[in-house]
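Fair warning: this is a prediction, and the values are worked out from it, not measured in the lab. Numbered from 1 within each chain, the chains take letters A, B, ... in sequence-line order.
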Protein chains: 2
Amino acid sequence: MPQPETRDRILDAAEALFVEHGFEGTSMRVITRSAQANLAAVNYHFGSKDALIQAVFRRRLTALNEARLAALDQLEAQAGDAALKPSRIVFAFFGTALAMAADTEHGGATFMRLLSRTYNEPNAFVRQFLAEEYAEVMDRFLGALFRALPEVPRTEIMWRFHFMMGAMSFAMAGIESVHAMAGLPYEDEDPARLLPRLMSFLLGGLRAPLADLAETPRPMMFDVHDGIHGAG
Amino acid sequence: MPQPETRDRILDAAEALFVEHGFEGTSMRVITRSAQANLAAVNYHFGSKDALIQAVFRRRLTALNEARLAALDQLEAQAGDAALKPSRIVFAFFGTALAMAADTEHGGATFMRLLSRTYNEPNAFVRQFLAEEYAEVMDRFLGALFRALPEVPRTEIMWRFHFMMGAMSFAMAGIESVHAMAGLPYEDEDPARLLPRLMSFLLGGLRAPLADLAETPRPMMFDVHDGIHGAG
DNA sequence: GTCTATAATAAGATAGAC
DNA sequence: GTCTATCTTATTATAGAC
């Protein structure tokens, strides 16, 4: 296999380093060194660091979201006039992401870790960019869920979708941290198990009975500002 | 009310700015300006930027985790020899966090957003520090769940706990992003609704039937590396 | 404890030869 | 397209007067 073009080597290196150290924690010097390219190459090929970040996302996120939309198209075509099953909609969205995450050969796994870590990114530029990239997919999938669950308040559906995104985000990040914190040994596991595991959890959450405000126990009291003198 | 001490003003300012722009995206100049303190004050009071980050977490995280342990202690004392209800354990962990998040008066809300955003932090120093802070709580709560659900494989419990952390993390981050992406207007909502909403979702996920690998549909095929030439 | 001034370093970006 | 050398700016950290 011939060595990839400089442009692609930079994208690969940046992707891997961004996952590991974040955007601001990864300098262009480190990127180009890792890519065996010259420092000036980033600006030559992409124009700026921000543009490089965009390019890293775009080359995979476009494919992912197109796959998601295609899966939804297919569901709707199959269903005809009938209502879609919510579980199928959820699977079309999250299963597609996990399929990409299962691709360790071509960097899909690395990218999905980056993508899920970036969902709550503080950097305003990145946040804005991602919102635009997601807009159509969000619109289509939320709309499908609204139609599939007409009796459930839309606010509730949006929250549950949001919770599901959170669960997926942590699923992608890996569970090593939990083992480390709990002081338990971590044994490598079949990545294929992640999909059924996550789907079962997501669907359980989606199908949970709607909360009745009156029935929920009140949070336990504790003085959150003991010894803390916040400015308020 | 007298103006808080410089040290506390710096902590408050840093907390708010870290949420908004991340650790590396927040310079000590911006922090001290916002706190109406001198640039050198950070090094005088904390020693370094890293030490300041630690101090920001420690002043609230210690209280939060002590409240969690106290809630669990109370559950175990009440139960005596009987088994704990998993839902009670989950509530002791996540309900405590949401109680702190509901405290908008003293900065608890800001801190919880920071904490949940930081769970998958790339910065090695911060990650290591947080893992140590969480160790005891994780150990106790996972142990309680293991005993409460002896028939469920421990790996499964750890994954579901991890998924729950993800859902909570996104819950804290707020749902504005979803509205923005979907192009829907966002109306402010009673924050008290978040707790029942999240708990219902979490318990639904926790109680979901264990996945049967054979029954789960296979992920749809799509060529994830169309037009992408990853280095592998 | 607080301040000014400055040191020491690292970052993103670019000019211009090849 | 690639390279070296350099500019400009921003950062953390510190020395030393008050």
Without decimals, in angstroms, what is the distance between I10(B) CD1 and dC3(C) P?
10 Å
L98(B) and M112(B), any side-chain heavy atoms less than 4.5 Å apart:
no
Can you list, in residue-number order, the parts of residues 14-24 of chain A that come under 4.0 Å of DNA chain D, counting heavy atoms only?
none
Could you check how far CE of M28(A) sits from C1' of dT9(D), rounded to whole Å?
14 Å
Within residues 33-42 of chain A, those residues having any heavy atom closer than 4.0 Å to DNA chain D are N38(A), A40(A)
For E136(A), is the CD atom crowded, meaning more than 12 foreign heavy atoms sit under 6.0 Å from it?
no
Roughly, in whole Å, what's the span from OH in Y44(A) to C1' in dG16(C)?
15 Å
With a cut-off of less than 4.0 Å, is there a side-chain N or O of T6(B) near OP1 or OP2 of dT2(C)?
yes
Does M172(B) offer a backbone N or O that forms a donor-acceptor pair with the side chain of R113(B) under 3.5 Å?
no
Would you call the rings of F57(A) and F23(A) parallel, tilted or perpendicular, taking 30° and 60° as the class edges?
tilted
side-chain contact (heavy atoms from CB on, under 4.5 Å), that's the test. Do L61(A) and L64(A) meet it? Break it down for me.
CA-CA 5 Å; L61(A) 190 50; L64(A) 172 63; 4.1 Å; yes
Separation of atom CZ in R29(A) from atom C1' in dA11(C), rounded to whole Å:
6 Å
In this structure, how many angstroms lie between the P atom of dA11(C) and the NZ atom of K49(A), rounded?
9 Å
Starting from C1' on dA11(C), measure out to CG on N43(A) and report it in whole angstrom.
12 Å
If you look only at pairs with a residue in residues 154-173 of chain A, which of them pass as a side-chain hydrogen bond (donor to acceptor under 3.5 Å, both in side chains), with sequence neighbours excluded?
E156(A)-R197(B), W159(A)-E189(B), R160(A)-S200(B)
Are R140(A) and D73(A) within salt-bridge range, i.e. N to O under 4.0 Å?
yes
Rounded to the nearest Å, what distance is computed from the CZ atom of residue F46(A) to the P atom of nucleotide dT2(D)?
11 Å
Are S27(A) and dA10(C) close enough that a side-chain N or O sits under 4.0 Å from OP1 or OP2?
no
From the list F163(A), F170(A), Y119(A), F161(A), ring pair (Phe, Tyr, Trp, His ring centres under 6.0 Å) with F170(B) holds only for Y119(A)
Among dT2(C), dA13(C), dA13(D), which nucleotide sits nearest the side chain of H45(B)?
dT2(C)
Tell me whether R59(B) is salt-bridged to E15(B), with the criterion being a basic N under 4.0 Å from an acidic carboxylate O.
yes
